[in-house]
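So you know, we letter chains A, B, ... as the sequences are listed, proteins then strands, and number each from 1. What you see below is based on every heavy atom in this structure, not just the backbone, and it leaves out hydrogens, waters and symmetry mates.
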Number of protein chains: 2
Amino acid sequence: MDKQKKETLLVALGGNALIRKGQSGEASEQMDNLKIPISQIARLSKKYNIIITHGNGPQVGNLLLQQECCNDIAKMPLEILVAQTQGQLGYMIESTLDTELMTLGIYDKHFVSLISYVVVDENDPAFLDPSKPIGPVYTEEQADKVPYPTKKTAKGYRRVVVSPRPVTIVEKAEIKKLIDMDFIVICCGGGGIPVIREGRAFNGVDAVIDKDLASARLAEEVGVDIFMIASDVEGAAINFGTDRQKFLGKITTDQAKQYMNEGQFPPGSMKPKVEAAIEFIEKSGHMAVIGSIMDIEKAVSGNAGTIILGQK
Amino acid sequence: MDKQKKETLLVALGGNALIRKGQSGEASEQMDNLKIPISQIARLSKKYNIIITHGNGPQVGNLLLQQECCNDIAKMPLEILVAQTQGQLGYMIESTLDTELMTLGIYDKHFVSLISYVVVDENDPAFLDPSKPIGPVYTEEQADKVPYPTKKTAKGYRRVVVSPRPVTIVEKAEIKKLIDMDFIVICCGGGGIPVIREGRAFNGVDAVIDKDLASARLAEEVGVDIFMIASDVEGAAINFGTDRQKFLGKITTDQAKQYMNEGQFPPGSMKPKVEAAIEFIEKSGHMAVIGSIMDIEKAVSGNAGTIILGQK
């Protein structure tokens, strides 16, 4: 009798979920914030193969600020800072998972946290228009003096960087093989380290990839069944921030596209999450859910968050 | 007919080898410096299973300096900085290896760079006597003001941290399984992220583990056949830095211990390498070699570096 094949669940954790509003980002705070989402993922690992990806917005912003402060030390390009956050958050997630699995009495589960790099297209139009704001807020006067492009945002002037679309996850074959062997895999941190394939080499580029789009690409490439985007909001909403705000329980990709065209989902926050969910569903035919890190188990079982389904 | 089992080679790369004397540590310099050692390891991967570990001295020192500069950002404890360097150097090594393998026409080799943490004993006497110097050099006046222990070293006053002995590599089962599946594994960067096992949890500690001792421990735990410590010197020497300096070609562990007792190997540089080599050989019965990152292939085949053998 064949053992029934386990379904594979990918949970993309928001980097903001690790540093809550009003927190300064101490290591102990970040570790504490991981307990609730990771304990749920530990329990889900009994039923599902698990891939965990994660954002790194506040963490990479802090590293940028620290290197800006210190003129005596060689400054690293953005892709190296992304790599550093993969180390930091990979460790924080893995050791929290280790603790939570032991608490459940699970001592023999294999899991690894992998450095991941992601190929982007050197002809991506994003390279002509750096648009993703990162790091500190400047006054107009300060912005004129910094040695990189800035744009005026709602918060003030900020550095903007190129954010190309993910083409392929370099480690996809390795990740697939590890999942097939029942490993839990933590990977694609911060959207992955962006690289361009040039002849027989991968070369890092000064850019950041949206972590939800990279997670969607990985989910397609390794054959994930359920893709969950977990952040600090309980789901997608229409009329967000108004009296008529309404959370969406279950929608189709067509409805999601219509709301997106109406401008219901703010760029830089909910919009890329919905785009990533649609992209995954259209390529895989499977389900995606956007929900809170506090409700991962409920969302995966269809009882919380915004469930997005194909047209069937 | 059984395919003969490949031997496993572990190469521990010195963190100093990535930032050469007189270099400022730009990312591009570190990547360039990796080409010669990694191209040799890529060729050796045809014959051997490969594990690569690495140091992080200059890199973790830079992160420490950067966070000292910047008082507005939450400072991370040392184990998180070690994790950050595992991300940075894991990426640099992995992508250089990717390029070098493609240059050899090898496109189907699996390899991963893993976050690794290493258990230390909370009763290790090292916790009573922080002794490993890291980070910047201070004047006596500055040293009095910094909020952590400092000691006078040959270079001046420096922060000293606890450097406990590695007890076990947490990911040893995963690493063994990956090697058995013919993966190249990059791991245990900077000696691993130090953790203490407390009940059902692993908790990080503000310490650093010697990377050669951690590599020796890993080599024993996963059954490595050849352990190479590759740095910026061509091997161990007696009467080092004098007219009578003599490099050692081939020695036994007994000879190595005798030289060590004579104080031939400086602490903080050659001594821990020789100690790590002896520890590995005595537990495994296999060979260790201490040599230059420029001569990895020659050293592994017994034609360069200091070969250390058991007493048989």
For a 4.5 angstrom cut-off between non-hydrogen side-chain atoms, does B:Val167 reach B:Arg197?
no
B:Glu174 (side chain) donor-acceptor with A:Phe111 (main chain) under 3.5 angstrom:
yes
Interchain contact, A:Gln30 with chain B, by part (heavy-atom threshold 4.5 Å)
side chain
Residues, nucleotides or ligands: over 12 heavy atoms within 6.0 Å of B:Glu198 CD
yes
At under 4.5 Å between heavy atoms, what parts of residues 56-76 of chain A are in contact with chain B? List them by residue number.
A:Asn62, A:Leu63, A:Leu65, A:Gln66, A:Gln67, A:Cys69, A:Cys70, A:Ile73, A:Ala74, A:Lys75, A:Met76
Audit row: B:Gln86, B:Ser116, side-chain contact (heavy atoms from CB on, under 4.5 Å) steps and yes/no:
CA-CA 8 Å; B:Gln86 288 191 352; B:Ser116 317; 4.2 Å; yes
Residue A:Ile36 excluded, over 12 heavy atoms near CD1 under 6.0 Å:
no
Less than 4.5 Å to any heavy atom of chain B: does that hold for the side chain of A:Leu178, its backbone, both, or neither?
side chain
Measure the acute angle between the ring planes of A:Tyr148 and A:Tyr138, then classify it against the limits of 30° and 60° as parallel, tilted or perpendicular.
tilted
With only heavy atoms counted, which part of A:Met31 is less than 4.5 Å from chain B, the side chain, the backbone, both or neither?
neither
Chain B heavy atoms under 4.5 Å from A:Tyr117: which part of the residue, side chain, backbone, both or neither?
side chain
Looking at A:Leu81, A:Ile115, A:Ile193, which makes the most heavy-atom pairs under 4.5 Å with chain B?
A:Ile115
Would you mind checking which part of A:Val82 comes under 4.5 Å of any heavy atom in chain B, side chain (CB onward), backbone (N, CA, C, O), both or neither?
neither
Side-chain touch A:Val195/A:Val205, heavy atoms, less than 4.5 angstrom
no
With respect to chain A, which residue among B:Cys187, B:Ser95, B:Ser24 yields the maximal number of heavy-atom pairs within a distance under 4.5 Å?
B:Ser95
Electrostatic pair A:Asp108:B:Lys177 at N-O distance under 4.0 angstrom:
no
Using a 4.5 angstrom heavy-atom cutoff, name the option from A:Glu79, A:Glu94, A:Glu171, A:Met181 with the most pairs to chain B.
A:Glu94
Which heavy-atom pair separates A:Pro77 from B:Ala27 by the least distance, and what is that distance?
CD-CB, 3.6 Å
Of all of B:Leu101, B:Leu89, B:Leu114, which one pairs up most often with chain A through heavy atoms under 4.5 Å apart?
B:Leu114
Against chain B, work out which of A:Thr96, A:Val112, A:Asn203 has the most heavy-atom pairs shorter than 4.5 Å and name it.
A:Val112
Mind checking whether A:Phe183 and A:His110 have parallel, tilted or perpendicular rings, split at 30° and 60°?
tilted
Which pair of non-hydrogen atoms, one from A:Ser215 and one from A:Thr53, has the smallest distance, and what is that distance?
OG-OG1, 2.8 Å
